[in-house]
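Take a look at the structure below.
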Amino acid sequence: MSTVVEASDAHDTETVRLVNGLSCDLPSDSPLAKLLKSQRTWVGPDAKERLRILRAAKSVAIVGASPNPARSSFFVGTYLQQSSDYRLYFVNPNATEILGEKAYPDLASLPEVPDIVVVFRRGSDIPSVIDDVVAVGAKTIWVQLGIWNQDAAYDGEARGLTVVMDRCIKVEHARFGGGLHLLGFDTGQISSRRGAVGR
């Protein structure tokens with residue numbers, strides 16, 4: 001029986017959707033949630049490729065950006081605004097301004113095609129976001145930590161996209177740049193040099 005696992009807003013449970021349409025919430029660290037994760041077959045870019053993506057990018061759009069400081073998209077947007085040189089675009093049809101910047105209703109409204117589209121949406125929304133990313137001509141979709149839709153990942157790649165999924169762009173940018181080592185995280189950092197990504 002196939003399943004789709006998506007993260008809840010609380011980040012401590014996961015919604016498991018079965019093929020018969022039923023769904024239930026599971027603790028993220030439960031044996032069943034871990035089993036379902038172990039059944040994933042899509043892999044995505046490795047650490048060196050993710051570093052290449054981050055180094056090459058000049059512009060980033062955050063789909064599902066929120067003006068609410070309690071939301072993870074706000075925290076990630078704040079980090080990218082302060083710790084990177086990316087041109088940032090916030091996409092939220094229900095907001096006019098986020099972090100002092102204009103908010104756009106959709107990707108098609110942006111003044112340029114972003115190099116990376118970061119996504120803070122439910123796993124079930126990823127296929128429609130991929131449609132939008134392909135439509136505007138962006139090349140990379142980066143789906144945030146805890147969000148998973150394996151079928152959408154395969155589809156995105158088949159349509160020519162580079163897909164990163166279930167990874168936090170803030171964490172990746174910081175660890176490649178040496179920004180997390182003082183916190184004692186096991187980051188898997190591939191370079192001990194500071195500034196591997198650049199500001």
Side-chain angles (χ1 to χ4, degrees), residues 4-11 14-15 17 42 44-45 49-50 52-174 197:
V4 175
V5 181
E6 11 176 296
S8 73
D9 289 339
H11 295 293
E14 293 184 5
T15 302
R17 300 188 186 281
W42 180 83
E49 177 64 11
R50 295 193 304 275
R52 187 201 66 75
I53 292 167
L54 292 172
R55 278 180 168 169
K58 301 298 182 187
S59 59
V60 173
I62 302 179
V63 172
S66 173
N68 182 349
R71 300 302 294 266
S72 54
S73 62
F74 186 93
F75 179 70
V76 169
T78 299
Y79 169 83
L80 291 177
Q81 199 176 53
Q82 296 176 355
S83 302
S84 80
D85 288 330
Y86 298 139
R87 293 186 298 278
L88 281 181
Y89 300 103
F90 300 102
V91 179
N92 182 331
N94 301 312
T96 56
E97 183 179 290
I98 297 174
L99 289 168
E101 303 287 341
K102 176 181 178 179
Y104 294 85
D106 49 44
L107 289 173
S109 301
L110 299 183
E112 67 174 306
V113 176
D115 295 315
I116 301 174
V117 176
V118 178
V119 183
F120 286 86
R121 297 279 296 274
R122 293 182 179 276
S124 57
D125 294 336
I126 302 306
S128 65
V129 177
I130 285 177
D131 289 342
D132 294 342
V133 172
V134 170
V136 300
K139 300 302 182 187
T140 299
I141 180 170
W142 189 300
V143 182
Q144 271 299 114
L145 185 67
I147 305 170
W148 185 262
N149 187 322
Q150 183 161 279
D151 291 342
Y154 282 123
D155 177 59
E157 287 182 337
R159 297 167 72 180
L161 295 179
T162 297
V163 180
V164 179
M165 186 171 287
D166 193 18
R167 292 191 179 273
C168 178
I169 193 169
K170 182 266 180 205
V171 170
E172 297 285 289
H173 185 278
V197 181

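All of these numbers come straight from a predicted model, not from anything done at the bench.
In terms of heavy-atom proximity, Val164 sits nearest to Pro45 at CG2-CG, 3.9 Å. Of all the heavy atoms in Val63 and Arg121, the pair that sits closest is CG1-NH1, 4.0 Å. Between Phe74 and Pro69, the closest heavy-atom pair is CD2-CA, 3.4 Å. Contact between Trp148 and Asp166 at its shortest, heavy atoms only, is CE3-CB, 3.8 Å. Taking both residues in full, the closest heavy atoms of Ile116 and Ala57 are given as CD1-CB, 3.6 Å, listed atom of the first, atom of the second, then distance. Here the closest non-hydrogen pair linking Ala65 and Phe90 is CB-CD2, 3.7 Å.
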Given side-chain contact (heavy atoms from CB on, under 4.5 Å), test Leu110 with Val136 step by step and report yes or no. CA-CA 9 Å; Leu110 299 183; Val136 300; over 6 Å; no
side-chain contact (heavy atoms from CB on, under 4.5 Å), that's the test. Do Val118 and Gln144 meet it? Break it down for me. CA-CA 7 Å; Val118 178; Gln144 271 299 114; 3.7 Å; yes
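For Val113, the side chain to side chain contact (heavy atoms under 4.5 Å, CB included) partners two or more places apart in sequence, or in a different chain, are Ala138. In terms of the side chain to side chain contact (heavy atoms under 4.5 Å, CB included) criterion, residue partners of Asn92 (sequence neighbours excluded) are, by chain and number, Pro67, Asn94, Ala95, Ile98. Listed by chain and residue number, Ser66, Arg71, Phe120 satisfy the side chain to side chain contact (heavy atoms under 4.5 Å, CB included) test with Ser73 (two or more places apart in sequence, or in another chain). Taking Arg159 as the reference, Asp131, Asp155 meet the salt bridge (Lys or Arg N to Asp or Glu O under 4.0 Å) condition, with sequence neighbours excluded. Take Glu49 and apply the salt bridge (Lys or Arg N to Asp or Glu O under 4.0 Å) test, not counting sequence neighbours, and it matches Arg52.
Within a 6.0 Å radius of CZ in Phe75, no more than 12 heavy atoms belonging to other residues, nucleotides or ligands are found.
For Trp42 and Glu157, the side-chain atoms include at least one donor-acceptor pair closer than 3.5 Å.
Evaluation of the salt bridge (Lys or Arg N to Asp or Glu O under 4.0 Å) test over residues 97-111, restricted to residues two or more places apart or in two chains, returns none.
Results of the side-chain contact (heavy atoms from CB on, under 4.5 Å) test with Val143 over Ile126, Ile169, Asn149 single out Ile126 as the only residue that passes.
Between the side chain of Glu172 and the main chain of Arg50, no donor-acceptor pair closer than 3.5 Å is present.
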